[in-house]
Amino acid sequence: MGHQTPCCLTRSPLGESVFLPLKLDQENWKQEKCEEVSKRPGNTSHYRGPPSGREAPGVGGSVFRGACLPASILRADVELRCYGGGWRELEQVRRSCGWGVGSKNQLMHQEKVLIALLDAPQKTKLDSCHPDTEGLGRPKCCSLHLGILPLIVLALVFFSYGFVSHRSQELGDSEAETRMVYAQPKVLTPSRNDVLVLTPWLAPIIWEGTFNIDILNEQFRLQNTTVGLTVFAIKKYVVFLKLFLETAEQHFMVGHKVTYYVFTDRPADVPQVPLGAGRKLVVLTVRNYTRWQDVSMHRMEMISRFSEQRFLHEVDYLVCADVDMKFSDHVGVEILSALFGTLHPGFYSSSREAFTYERRPKSQAYIPRDEGDFYYMGAFFGGSVVEVHRLTKACHQAMVKDKANGIEAVWHDESHLNKYLLYHKPTKVLSPEYMWDQKLLGWPSVMKKLRYVAVPKNHQAIRNR
Amino acid sequence: MYQPLNLTIGVTVFAVGKYTCFIRPFLESAEKFFMRGYQVHYYLFTHNPAAVPRVLLGPGRLLSIIPIQGHSQWEEISMRRMETINKHIANRAHQEVDYLFCLDVDMVFHNPWGPETLGDLVAAIHPGYFAVSRQQFPYERRQLSAAFVADNEGDFYYGGAVFGGRVARVYEFTRGCHMGILADKANGIMAAWQEESHLNRHFIWHKPSKVLSPEYLWDDRKPQPPSLKLIRFSTVEKDNSWLRS
């Protein structure tokens, strides 16, 4: 196998030694003279090649060949097309060839070398040809013509310009993760053998032990994910905000960008809670309703309206939570997906006939006794902004229809949520770890963590005031 | 859930040299079991379009025969698939299909393969290595190769015979693999299991969104373990030395 890549040693404009590989014809493994092809849109061409010459395709991008990196990393001849300085593409190629492995400093250093080589208009003369360190064959001296820029990276040109430049902007979701060391997943060992971890429609059910948070954090950080958390503090419910926000600061999406959207009719009563880096709070003033049932139900309308106007442009995911709760353990990116609901802690072991669905056919939220997957809790749901908008809009419209028909669903917005999620299946389902009441339900062994729990309150005192 | 979306599923399959003899059993079994009720577009890449048998296809199912260059070395044929699939997506497939699966031709469907397999980026666990620790996975272990995987890395060993996903993701994936193959070529090295090594390296860095169990990629020469309830897609008995000559 040992076909060695002959190289010459030269100096980059940054003053360090780089290897300039001789170009190898991919099909026939011929050696050709060192060539440099560099043509950037807007710059004059610095191309000078061997007499046979080969024009660099220039429209829409530059073509760089050769791979010049410090001697410790030898990768030759990967051709890259850069679109108007498309360093993301360079990044992808680099990672695919393993250049991306290494510390951030190493990566930045490599990038600097490459950028400097790209930008340098001056000629580079070969200072010397040295025999290489291990791994290379006999180097050949080659002289570069005047005005030739040093080579950068080769890439493959196998797609049409329009398609690729369009696509490469769109495909933002296939960034590579950095190197991580963790235990191997075991194919024949289920992560939990006491609970269901996958719905029949292949949505994961999130329990402790089913996920590796480091891998997930990495994936979501690479996307620079921003999460919005909506919470309603109407009338006396403002008293719950302080504990809610303080515990959210400790446990909710730590390390990611978060925007709290506090809907309230009493903006002056919103407490000042110190927020971590990358996290902010937005107060949205809304009207209140006399009946607590109406307050609860109109949340759907308000989230729906603000999703369109605001959330779409500001956050990637929305989490809609009740305020009379606190975070007591990690709640992170493992919950994020297109649409998620949470299993109600009172019904996770009940059969569907016992679910408190709306059972009157007159209501829009009606679900017959032989239907239903789970009973979801109205206090914690979410997803992408688009999906949450769809859900809240549909629920609000259903509630409006019910009102016109003179009926109110037995559990208000929660009934409508359950109807929606039955026919628009969530892509993730959160276990009752994410919605618990320790006073009512204790701490059963199946719950390895209690993450988001009820705060004791006096219902009569707090509602309708 | 998927049916109302009116999806078209593409399948790329390569039959070069003597491998054209596998086309009929592949297509006939696919007609019985693969994505029944969906629109399917088979892309058959071959150097010898005349050798493609006529197979009756159901409604909403198409076969396109795409001529490609043959190679004398079977490894070369195998590795060029990444580049060919990538170019093909750019030229055609991105307009014609929503999801794309890239399958080996020397295989046969035995049981339904349906929309449960659809996902953004899909890989299948290799039937020989699902019960084995990662140090024993046949990753490329030479650091010089672009497909190098260290001893303490790796989730599963994926089979090169099955991968797929949304067309855009498959495009990016095949490009990444092909870059690695080229880099290796320039360094004068060929990965231990050709494009399967590169595929595995890539699936560590770009984790699949869905992983198919060995039901979807089985080797009939192996005894069926109790954990495997159903075999859906498995190898056809063949004589490798004759095929590769």
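A note on names: the letters A, B, ... follow the listed sequences, proteins ahead of strands, and every chain is numbered from 1.
More than 12 heavy atoms of other shown residues, nucleotides or ligands fall within 6.0 angstrom of atom CZ in B/R141. At most 12 heavy atoms of other shown residues, nucleotides or ligands fall within 6.0 angstrom of atom CH2 in B/W193.
The distance from atom CG of A/N212 to atom CG of B/D155, rounded to the nearest 0.5 Å, is 9.0 Å.
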Working note: B/N152 + A/Y182, criterion side chain to side chain donor-acceptor pair (under 3.5 Å); need CA distance, chi angles, decisive distance, verdict.
CA-CA 8 Å; B/N152 54 7; A/Y182 50 85; over 6 Å; no

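Contacts between B/F148 and chain A at a heavy-atom distance below 4.5 Å are absent for every atom of the residue. Residue contact with chain A, scored on non-hydrogen atoms closer than 4.5 Å, is absent for B/F203. Heavy atoms of B/S213 lying under 4.5 Å from chain A are absent altogether. For B/L121, no part sits under 4.5 Å from any heavy atom of chain A, backbone or side chain.
What you find for A/L188 and B/S227 is that their closest heavy atoms are CD2-OG, 3.9 Å. The shortest non-hydrogen separation linking B/G154 to A/P185 is O-CD, 4.4 Å.
The main-chain N or O of B/V132 is found under 3.5 Å from a side-chain atom of A/Q184 such that the two form a donor-acceptor pair.
The side-chain heavy atoms of B/I204 and A/R179, taken from C-beta on, include no pair separated by under 4.5 Å.
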